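One structure below.
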There are 2 protein chains.
Amino acid sequence: MTDDAVFRALADASRRQLLDALHVRNGQTLSELCQGRDMTRQAVTKHLAILEAANLVSTHKLGREKLHFINPVPINEIAERWIGKFERPRLAALSALKTSLERKDHE
Amino acid sequence: MTDDAVFRALADASRRQLLDALHVRNGQTLSELCQGRDMTRQAVTKHLAILEAANLVSTHKLGREKLHFINPVPINEIAERWIGKFERPRLAALSALKTSLERKDHE
DNA sequence: GTAATATGCAACTAAATGGTTGCCTGTCAA
DNA sequence: TTGACAGGCAACCATTTAGTTGCATATTAC
């Protein structure tokens, strides 16, 4: 069950913040991801390793730097499954409406 | 941040299984929810308390029994926020298509 | 009333988790 | 080539977490 890794990875606020940071700007280095965070580089490294193990982040080494990229697929898969599971009929329509409105909003 | 409680609650496989069980049949008693589970009643009680604190489950006492009901709203809200955040453009259309197909399937 | 059933509460334990410090390696620039 | 910069590895620590056992309470059935 690889779901478990994703759920556990998302359970920590620091890790969700790291995903947020990558969402704002993808491909950041470790040092960049450390900036403004109230913990050591090693702690951030560990969080990123957990995100990577859950397939939520992938990395690419470039010289002495390590770039981090977000992978939205697992989040989406889980969301799909859980929305679908627990409230398919009532919320699906609402959801569709919302995204539709949001998309118009961004055009 | 009440998000945190939901994420943390969903991080545990046993708790997700309890939600599954309630999804299969809502309004189960504590004893019913214990059946087939490889842990003591007290452990299940604790898990249910965490789910309740995260507003994922609500309870209603009836005589000496305690009935448990699933609340899908927080799951949906989080899913909304995270899908939207990380992959709004690419996956939204796919998602809408899927739910649309599924709904037809269930009619 | 008494026994069985359904749940609650509290103390305790083992393991996982989030974090630290210290040191080592590899790469780039002057 | 020598220092500074980016990152890796490992040991250690404190807290949280998931689970247990033991006992108490409340409701129902006989």
Side-chain angles (χ1 to χ4, degrees), chain A residues 1-22 25-71 74, chain B residues 1-22 25-71 74:
Chain A
M1 215 198 277
T2 183
D3 267 22
D4 197 62
V6 178
F7 275 112
R8 295 185 94 98
L10 291 176
D12 185 87
S14 302
R15 288 194 285 270
R16 294 197 300 274
Q17 284 169 19
L18 285 169
L19 289 180
D20 282 349
L22 286 178
R25 188 164 64 80
N26 211 6
Q28 293 188 61
T29 67
L30 173 59
S31 301
E32 286 172 333
L33 287 170
C34 286
Q35 282 173 16
R37 235 157 276 283
D38 193 23
M39 60 180 113
T40 60
R41 173 176 56 84
Q42 285 80 353
V44 175
T45 299
K46 282 192 185 181
H47 283 307
L48 289 170
I50 289 169
L51 289 170
E52 198 173 353
N55 200 30
L56 286 164
V57 159
S58 63
T59 61
H60 177 33
K61 207 151 185 206
L62 186 64
R64 64 178 160 181
E65 297 182 331
K66 190 178 187 182
L67 308 181
H68 297 78
F69 300 89
I70 199 173
N71 178 18
Chain B
M1 213 198 280
T2 181
D3 266 23
D4 197 62
V6 178
F7 275 112
R8 294 183 93 99
L10 290 176
D12 187 90
S14 302
R15 288 194 285 271
R16 295 197 301 276
Q17 284 168 19
L18 285 169
L19 290 179
D20 283 347
L22 286 178
R25 189 165 61 83
N26 211 7
Q28 293 188 60
T29 67
L30 172 58
S31 301
E32 287 172 331
L33 287 170
C34 286
Q35 282 172 15
R37 234 156 278 284
D38 192 22
M39 61 180 112
T40 60
R41 173 177 56 82
Q42 285 80 355
V44 175
T45 299
K46 284 192 182 179
H47 283 307
L48 288 170
I50 289 170
L51 290 170
E52 197 172 356
N55 200 30
L56 286 163
V57 159
S58 63
T59 61
H60 177 33
K61 208 152 184 205
L62 186 63
R64 66 178 158 180
E65 296 182 332
K66 189 177 189 184
L67 308 181
H68 298 78
F69 300 89
I70 199 171
N71 178 18

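Here the structure is a predicted model, which means the values were calculated and not measured.
- Distances shown here put every side-chain N or O of A:Thr40 at or beyond 4.0 Å from the OP1 or OP2 atom of C:dG19.
- Comparing C:dG19, D:dA18, C:dT7 against the side chain of B:Thr29 picks out C:dT7 as the nearest.
- Position along DNA chain C of the nearest nucleotide to A:Gly63 versus A:Met39 favours A:Met39 as the more 5'-ward residue.
- With rounding to whole Å, B:Arg8 atom CZ is found 17 Å from C:dA16 atom P.
- Between A:Leu33 atom CG and D:dA6 atom C1' there is a gap of 13 Å when expressed in whole angstrom units.
- Between the P atom of C:dA6 and the CD atom of B:Gln28 lies a distance of 14 Å, rounded to the nearest Å.
- In this structure, A:Lys66 places its NZ atom 12 Å from C1' of D:dC9, rounding to the nearest Å.
- Phosphate proximity of C:dG19 to A:His47: present, with a side-chain N or O under 4.0 Å from OP1 or OP2.
- Separation of atoms CG (B:Leu48) and SG (B:Cys34) is listed at 7.5 Å; rounding is to 0.5 Å.
- You won't find any donor-acceptor pair under 3.5 Å spanning the side chain of B:Arg64 and the base of C:dT7, going by distance alone.
- In this model, a side-chain donor or acceptor of A:Gln42 finds a partner on the base of C:dG22 within 3.5 Å.
- Atoms CG and CG, from A:Asn26 and A:Asn71 in turn, are 10.0 Å apart once rounded to the nearest 0.5 Å.
- With contacts defined as side-chain heavy-atom distances shorter than 4.5 Å, the pair B:Val57/B:Leu19 qualifies.
- In this entry the distance linking NE2 of A:His60 with C1' of D:dA6 reads 16 Å, nearest Å.
- Within the 4.5 Å cutoff, side-chain heavy atoms of A:Thr29 are placed close to those of A:Leu67.
- Looking at A:Lys46, its side chain comes within 3.5 Å of the base of C:dG19 through a donor and an acceptor atom.
- For B:Ser31, a side-chain nitrogen or oxygen approaches OP1 or OP2 of C:dT7 to under 4.0 Å.
- The CG atom of B:Leu30 sits 15 Å away from the C1' atom of D:dT27 (whole-angstrom rounding).
- At whole-Å resolution of the value, CZ in A:Arg41 and P in D:dC5 are 13 Å apart.
- In this structure the side chain of B:Leu22 reaches within 4.5 angstrom of the side chain of B:Leu33, judged on heavy atoms.
- Nucleotide C:dT7 holds its C1' atom 15 Å from the CD atom of B:Gln35, rounded to whole Å.
- Nucleotides of DNA chain D nearest to A:Glu65 and B:Ala11 differ in position, and the one nearer the 5' end is that of A:Glu65.
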